[in-house]
Amino acid sequence: METLRYLVPPARTWGDMLAALSRASYGVEPQQGERFKALFLDTHDGRLQRGGARLALETRGLLAHWRLQGPHEQGSAIFSGDPGARVFAAPPLGLPEEAAAAVGQRALIPVVAARVFLRSCTLTCPSGSRLVMALESFAPKPARGRVAGLPPRLKLLTLRFADGEEVSLLHAGSYLRDRLGLRQEPKDLVSLALQALGKPEPGGPVPEALRVRAEDPLALAGRKIVAQQTLKMRANTEGTIEDLDAEFLHDLRVATRRLRSALRLFGEALGRRRADSLRAELAWIGGLLGAVRDLDVFVANLKGQSERLGEAGAIAGVLAHELEGRRGPARERLVSALQSRRYARLLDRLKAQASAPLAKSLRGMAALPVTAAGPLLIQRAQKRVLKLGRSVAETTEPPALHRLRILFKRLRYTCEFFRDAFGDDMEPYIRAMVRFQDCLGEHQDAVVAMVRIRDLASDMVARGLIPQQSLLDLGSLLQVQREIAQDRRRKLGELWGQFDRPSVRRVVRKLATAPEGPSSLPETMRKLLP
Amino acid sequence: MKVAFISDIHANFPALCRALESAKRCGAQKIVCAGDVVGFGPHPTEVVRLLIEEKVACIQGNMDRKVLAAPQSPKKLQKRLKGGPAKASQAWAALNLGEAEKAWLAGRPGDLRLTLGGVDVWVVHGSPVSDRDYVFPSITNRALLAKLRQERPSVLVCGHSHIPFTRRVSGVRVVNCGSVGRPVDGDPRGSYALCEFAGGRARCRIVRFSYPVHTLLMDLIARKAPSVRSEDYVRGIKPKEE
């Protein structure tokens with residue numbers, strides 16, 4: 001433990017802390033104080049935050065600096081560019097090395113802005129050890145949009161070990177905490193600011209209260225999963241509207257898919273009519289999201305192939321450019337839907353569904369604990385996958401493979417819904433499933449791409465946007481897609497073998513025969529099961 | 001003048017902070033500690049430093065004596081760490097108490113005889129007989145006189161049993177402060193005795209205060225300090241094996 005953080009009550013001042021420490025024979029060395037503007041950034045999935053790092057763009061007068069506070073090292077670099085940018089495209093120049101490695105090719109998105117007053121000093125403990133103490137007083141505001149009412153004011157005290165005995169850090173920490181009534185705070189400044197502003201953390205973990213537990217009745221587990229995915233929808237809506245990163249849209253789409261799947265799966269436990277009506281609304285927004293996302297993926301594939309094919313790939317670039325033009329209207333439709341009352345009402349209805357009180361006496365499936373109902377729901381989804389999957393051969397038509405892909409997705413989502421309850425037991429099963437599903441997805445993408453390239457090209461040729469002599473290049477582009485489809489189809493057999501084998505199936509069987517599993521239920525209860 | 005008598009802090013820093021705050025709020029001008037500063041809790045160093053900072057008059061308790069007398073060899077201490085809660089926590093405290101704090105603790109007397117507001121006050125840890133002997137609320141006149149032998153203080157202040165009470169027995173005001181950091185009477189709140197000395201008379205009462213038990217439990221885990229069960233702190237009870 002090299003750093004301790006404490007949330008300081010508003011009434012406590014820097015002077016109070018220094019006075020208390022002096023009374024306890026701590027030596028206080030040169031104090032520094034500075035005011036600056038800070039813009040905290042992270043990737044859409046919170047890669048820096050999850051790694052325990054914090055990246056800020058600090059502006060003092062006309063100068064701006066990147067400042068990284070990582071779990072192991074600190075970094076600083078001069079920033080050149082517009083500190084007021086909406087998004088910092090990857091890779092931002094001059095980013096400290098550790099941050100650049102964590103960020104990869106992702107864009108950096110402003111998360112929180114704050115005016116910070118930072119005071120710091122070095123403490124010499126009675127034992128001779130040295131610590132660095134810093135107090136950050138800040139008034140955070142959202143990086144985009146406004147916050148209703150007065151912005152919250154927060155004070156965060158950080159104690160960092162410098163040299164000597166590490167236990168001195170604990171001594172000083174507990175002294176300040178208990179003498180001055182500070183609260184030990186595992187969260188850092190960005191998390192605290194987001195919490196105070198009521199904004200979700202980028203890529204933040206599922207809140208503990210929403211994790212599915214083994215003993216939860218199915219009705220409660222269903223509500224928790226609806227709540228989890230609704231939270232994800234809310235967290236990704238703003239980024240999708242502002243088009244900050246394509247991943248916001250992807251995550252929003254995945255959340256709507258999972259919600260539809262959850263509402264189908266837990267329909268009985270949640271109330272069938274309401275669940276069906278919500279699913280219809282989710283299908284509406286899912287369709288709009290899919291239209292933009294499919295274009296994004298298709299354009300990215302075409303651009304990749306344009307680079308790979310060299311001269312012959314120029315046609316892929318032309319097609320990509322045409323598709324990018326079509327993305328605009330699709331996105332406009334999506335944005336107006338996301339800003340509509342209908343969408344706001346959908347989120348409110350989902351929230352109401354997630355927080356609806358449980359009936360006093362649950363009946364049937366809804367009353368069964370996750371340990372009993374979960375394995376059966378997984379087995380039911382698995383049965384459908386195995387039935388269709390075992391009939392797949394080299395000659396199977398793409399629509400049947402697409403159907404198999406959908407069944408696989410449902411099985412995967414079902415497993416993932418209960419992941420928290422069953423822990424690591426499910427991992428090998430999910431891994432085998434993901435490998436096969438990814439391969440199926442790539443096959444499906446290549447098949448769809450062939451059709452779309454043909455349609456798009458014939459449309460563009462008719463409009464005279466593609467010269468006749470480029471048609472040969474188009475053939476090579478189609479050939480690439482054909483080869484991808486054939487290659488993935490060949491791999492399918494091998495990956496199916498990895499999924500449909502006794503050791504993997506045993507994972508689900510083991511869940512079902514666990515002491516608290518469905519086999520332990522009395523006969524009357526088992527009759528209720530599907 | 002008002003004096004707060006505290007005892008059996010047992011290295012519980014959040015409880016000591018709350019006790020001192022409460023005593024100051026009640027108007028205590030002086031704090032006297034009846035021993036057992038360390039042992040069981042995770043904050044031996046912090047507690048001793050705060051007693052020094054607050055200039056608390058303090059005596060040694062049996063636990064302090066044992067911690068100071070713990071074997072000097074780290075190997076032997078490691079072996080003791082695997083023993084019961086009391087032995088293990090003594091060994092842990094011996095390993096974690098700073099040298100300056102040990103020296104201060106070693107310099108504390110076994111008892112204190114004070115004259116406060118014209119009243120003769122005798123502060124001992126267990127009883128006048130020994131720091132391992134107990135004075136319970138059920139003590140009889142005869143038993144107390146036997147323990148006092150020839151001495152006749154106006155007020156006898158003690159701790160050790162962790163059960164607070166104040167009673168007049170054979171003309172002596174007996175005050176047991178209970179425990180600041182390790183209450184065992186079924187009330188998880190800490191306790192101390194607040195006495196007002198004026199005109200040669202003493203008026204004493206027991207004060208209870210609450211402290212953040214979860215902070216203590218978190219620190220016990222974070223510092224890997226051996227102690228009694230968490231439940232005992234939460235419920236304010238004493239396990240049989242202690």
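Every chain is numbered from 1 and lettered A, B, ... according to where its sequence line falls, protein lines coming before strand lines. Values in this document were obtained by computation on a predicted structure and should not be read as measured data.
The environment of CZ in B:R113 is crowded: more than 12 heavy-atom neighbours from other residues, nucleotides or ligands sit within 6.0 Å. Around atom CZ of B:R208, more than 12 heavy atoms belonging to other residues, nucleotides or ligands sit under 6.0 Å away.
Looking at A:S174 and B:R223, their side chains come closer than 4.5 Å, going by heavy atoms from C-beta outward.
If you take CG on B:N96 and CG on A:L170, they are separated by 9.5 Å, rounding to the nearest 0.5 Å. The line from CZ of A:R177 to CG of B:D219 is 4.0 Å long, rounded to the nearest 0.5 Å. Rounded to the nearest 0.5 Å, atoms NE2 (B:H43) and CG (A:D178) are 6.0 Å apart. The distance from atom OG of A:S127 to atom CZ of B:R49, rounded to the nearest 0.5 Å, is 5.5 Å.
Contact of B:E101 with chain A is not made at all, since no heavy-atom distance falls under 4.5 Å. Interface remark: B:I52 contributes no atoms to any contact with chain A (heavy atom separation under 4.5 Å). Neither the backbone nor the side chain of A:R183 comes within contact range of chain B, judged by heavy atoms closer than 4.5 Å. Only the side chain of B:E54 comes within contact range of chain A, judged by heavy atoms closer than 4.5 Å.
The choice from A:A172, A:S25, A:A24 that makes the most heavy-atom pairs within less than 4.5 Å of chain B is A:A24.
Under a 4.0 Å N-O distance rule, the pair B:E53/A:R179 qualifies as a salt bridge.
A pairwise comparison of heavy atoms in A:Y175 and B:F13 identifies CA-CE2, 3.4 Å as the closest pair.
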